[in-house]
Each structure stands twice: as C-alpha cells, then as structure tokens.
Amino acid sequence: MKKKHLLTLIPLIALSLFLSACGSSVAAGSWPGLSFDEARSLVYVANNQAVHALQIENGLERWQFPAEPQGAFTTHASPEMTDDDQLLVSGYDNILYSINPDTGAQIWTFPGASNRYVGSALAVGEFIFAPNADQRLYILESRGALVKTFASQDPQWSQPASNGSVVYLAAMDAFIYAIDAQSGSELWKLQIEGTIVGSPVLGADGLLYVGTFDQTVFAINTASRRETWHFDTQGWVWGSPLLVEDQLYVGDLDGIFYALDASTGEELWRIDTGGAITGTPALFNDNLIIGNEAGRLFSISFDGRSREIPLPVDYQGPLYGSPLVAGEFLLIGLTAKESIVIALDADNNVAWNFVP
C-alpha cells in the first residue's frame with residue numbers, strides 16, 4: 001500500500017487509523033463526522049465517545065448518545081438517516097447502532113462485524129449497506145437483521161453510492177463493485193489503479209467518480225463498465241470529489257485543489273492551498289469551501305479565484321474533515337480545540353460553536 005509515501009503525506013490522526021486497519025497496534029483516531037437532518041433542524045456530530053444532536057439555529061445540544069461514555073464505544077463516521085427515521089451510527093467498537101433521532105435512544109444494534117466501521121452506512125430502500133474494515137459489506141434489513149454479506153479483498157472504508165437500484169462499493173483492493181440493491185448480488189466489478197478510501201460519487205449521466213492513492217481521479221461509465229477518463233493528480237486523493245453540474249472538484253494530499261471537466265477530465269484550473277486536503281469540498285453561497293492540514297479554510301469561486309476565510313484566532317489545529325452546509329450555516333469540524341464544531345454564517349462570521 002505504498003506505506004512510505006503514506007508516512008510522509010497523511011496526517012498522524014489518519015495514519016493511526018490506516019495502520020490499525022492494516023494490522024498495527026496503533027490506536028485509531030479521526031475527525032468529527034457531521035450530518036444535517038433538515039426535517040428536525042438538527043446537526044449530528046460523531047466525535048470520539050459520543051454522538052451529539054445540536055439545534056442548527058444556536059448549536060445547543062438536544063441529546064447525546066450514549067448519555068455517558070460506555071466501554072469501547074467511539075465513532076467518527078458521519079451519522080446516516082434512513083427513510084424510516086433511524087439514525088445509523090458506525091462504531092469503532094465493531095458495532096452498527098440505530099438511534100432514535102428525536103431522543104437519542106438506542107433502537108437496535110448489529111454486533112456481527114469483526115472490525116471497526118470507518119465509513120458511514122448507506123440506507124437504500126428497505127436495506128442498509130454497512131461497509132467494514134473486516135473486508136465485508138454487511139447488508140441488513142431495516143431493523144438490523146443480517147440478510148447477507150458481500151466480501152472484498154481488502155478493507156472497506158468508504159460509504160457506498162447508489163442510484164436506488166444499484167449500490168456502488170469502493171474498497172481498498174482497488175476494485176469498484178456494482179451490487180444489486182435488492183438481492184445483494186454482484187453485478188460486475190472493475191479494477192482500477194490505487195487504494196480507494198474516499199466514497200465514489202455518482203452523476204446523473206451514470207458516470208461514477210473516484211480518487212485513489214495512485215494519484216489519479218477516475219470516471220467510470222457504469223453502463224459500459226469501463227473507464228471513461230482518468231486524470232493524474234500531484235498527490236494521493238483521500239476525500240471524495242464534489243460534482244457541481246458539469247464540473248468536478250477534488251483535492252489531494254499535496255494540497256492541490258483541482259477543477260475538472262466532468263465529462264472529459266480536462267483540467268480547468270488548480271490552486272495550491274499549502275496543506276494536505278483530506279476532505280470533500282462544500283458548496284456554500286455559490287463558492288467552494290475546503291480546508292487543509294495547515295488549518296486554512298478557503299472560499300473558491302467557480303473560475304478559480306480563492307480567498308482565505310479567517311478562523312477564530314485561538315484555533316491553531318488542522319482541518320481534516322469535510323465542511324457541511326446546514327441551513328444557512330457552514331459547519332466546520334475541529335480537531336485540536338475544546339470546541340469540535342463551529343458554525344459560520346453567510347458573512348463567514350462565527351455564529352456559534354459547540355463544546356462537548
């Protein structure tokens with residue numbers, strides 16, 4: 001897995017997680033996982049030993065799961081809502097949890113995995129698809145009963161993508177798997193170059209986009225099951241791309257942020273941000289927002305003009321995660337301060353921050 005390159009480029013927090021998944025005894029850690037429940041006006045923050053539900057208007061905590069730290073429970077993947085109002089929480093303790101989003105009460109658990117959940121589960125119709133570092137995708141009924149498992153050759157770290165009928169799974173074995181969403185059976189698979197840790201992105205035209213540790217972004221035609229184009233980046237690609245109409249935006253671990261033509265892979269422009277990018281950009285007020293390991297947050301226009309958004313003066317840590325747009329706010333997860341989330345308003349001022 002080219003670990004020498006990994007040691008020099010990937011931040012220590014992510015490195016500890018990578019090594020533990022590969023068999024090392026290094027303890028795993030990560031950055032806060034954020035998701036937004038528009039129907040309830042709640043933000044869910046998965047961070048270390050708890051999931052916090054925050055009111056979007058002021059950042060006040062509605063509930064915490066568990067109410068007190070419990071055993072080996074830790075979580076970092078963004079919680080996922082289902083159509084039948086369950087909040088799925090992926091645990092580093094090898095357990096998938098279903099939580100009541102109104103109260104934070106546990107509904108059920110699935111303890112059948114033998115390793116941690118790094119990526120978020122995905123709910124598609126009546127089923128839940130939960131990728132695990134034990135090289136298995138667990139396919140569950142909506143109430144947590146195991147239907148079947150789907151195996152890859154290496155760990156699965158990223159949330160799958162789906163069009164409702166097909167689930168697309170990216171694994172660290174450099175394969176893209178297409179799985180029937182009803183039967184859980186493999187439809188096809190395609191091997192590309194490089195370990196994949198970011199989630200694939202599916203366009204309306206059937207093109208599937210994914211970045212790899214081979215310093216490449218791939219576009220795959222899901223109808224022909226072949227590569228449409230690939231683009232060579234300067235560094236490894238950790239986060240998922242962002243697709244906005246006919247353009248694709250992605251960052252790499254050398255700190256370069258790229259704009260590509262989504263249909264051809266042609267480079268439109270690039271920006272050097274000065275620090276490794278591990279997150280996925282967000283679209284906020286018609287600008288692209290991305291942070292980097294150097295702790296810098298950028299607002300970038302569609303034509304490549306960038307400006308830096310100032311963070312609170314007392315924050316000196318890295319920005320590893322993905323920004324999240326929640327209502328009228330932009331949420332930023334923090335890793336090196338008492339606060340773990342700050343909310344920026346339309347003028348990029350801090351509206352509120354959350355301290356567990």
Side-chain angles (χ1 to χ4, degrees), residues 21 28 30 32-55 61-152 155-162 164-165 167 169 179-185 199 356:
S30 190
L34 309 176
S35 60
F36 179 50
D37 183 345
E38 185 174 6
R40 293 173 176 79
S41 297
L42 291 178
V43 176
Y44 305 115
V45 183
N47 187 68
N48 290 322
Q49 293 182 291
V51 177
H52 308 273
L54 312 180
Q55 298 174 173
E61 186 174 70
R62 178 80 59 83
W63 53 256
Q64 173 183 301
F65 173 86
E68 299 292 339
Q70 292 183 1
F73 174 79
T74 55
T75 181
H76 297 279
S78 300
E80 174 78 6
M81 280 295 298
T82 69
D83 290 339
D84 60 350
D85 287 336
Q86 300 179 69
L87 186 67
L88 302 177
V89 174
S90 302
Y92 274 22
D93 59 354
N94 308 352
I95 298 175
L96 183 70
Y97 296 82
S98 170
I99 307 300
N100 183 319
D102 294 310
T103 65
Q106 179 177 295
I107 301 173
W108 53 259
T109 64
F110 173 72
S114 60
N115 207 327
R116 63 176 53 92
Y117 291 97
V118 178
S120 303
L122 178 70
V124 182
E126 301 175 356
F127 300 103
I128 295 166
F129 296 81
N132 192 274
D134 67 5
Q135 307 174 19
R136 289 175 174 82
L137 177 71
Y138 291 92
I139 305 174
L140 312 175
E141 293 179 344
S142 62
R143 292 293 157 172
L146 179 65
V147 176
K148 68 183 300 182
T149 60
F150 181 90
S152 58
Q156 303 169 14
W157 273 18
S158 62
Q159 184 183 42
S162 179
S165 59
V167 173
L169 172 70
I179 303 165
D180 185 274
Q182 289 297 314
S183 67
S185 300
S199 297

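Values reported hereafter were calculated over all heavy atoms of this structure, with side chains retained and with hydrogens, waters and symmetry mates removed.
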Inset, instruction - Check whether any side-chain heavy atom of Gln64 lies under 4.5 Å from a side-chain heavy atom of Pro356, and answer yes or no. - result: no
Legend entry - Any donor-acceptor pair under 3.5 Å from Ser199 side chain to Pro160 backbone: no
Legend entry - Partner residues of Phe36 under the ring-ring contact (aromatic ring centres under 6.0 Å, His included) criterion, sequence neighbours left out: none
Legend entry - Any donor-acceptor pair under 3.5 Å from Asp134 side chain to Ser114 backbone: yes
Legend entry - Residue Glu126 excluded, over 12 heavy atoms near CD under 6.0 Å: no
Inset, instruction - Would you indicate whether the side-chain heavy atoms of Val45 and Glu61 approach each other to under 4.5 Å? - result: no
Legend entry - Separation between CG of Leu96 and CG of Leu146, rounded to the nearest 0.5 Å: 11.5 Å
Legend entry - Gln159 side chain vs Ala121 backbone, donor-acceptor pair below 3.5 Å: yes
Inset, instruction - Return yes if some donor-acceptor pair links the side-chain N/O of Asn94 with the main-chain N/O of Arg116 below 3.5 Å, else return no. - result: yes
Inset, instruction - May I ask you to decide if Ser185's main-chain N or O and Asp180's side chain share a donor-acceptor pair within less than 3.5 Å? - result: no
Inset, instruction - Output yes when a side-chain donor or acceptor of Ser98 lies under 3.5 Å from a complementary backbone atom of Gln86, and no otherwise. - result: no
Legend entry - Check: Ser90 main-chain N/O paired with Thr75 side-chain donor or acceptor under 3.5 Å: yes
Legend entry - Pair Tyr44-Asp37, side-chain donor/acceptor within less than 3.5 Å: yes
Inset, instruction - Please say whether more than 12 non-hydrogen atoms of neighbouring residues, nucleotides or ligands are located less than 6.0 Å from CG in Asp83. - result: no
Legend entry - Gln156 side chain to Leu137 backbone, donor-acceptor under 3.5 Å: yes
Inset, instruction - Would you indicate whether the side-chain heavy atoms of Val51 and Pro79 approach each other to under 4.5 Å? - result: yes
Legend entry - Steps toward side-chain contact (heavy atoms from CB on, under 4.5 Å) verdict (Tyr117, Ile95): CA-CA 7 Å; Tyr117 291 97; Ile95 298 175; 5.5 Å; no
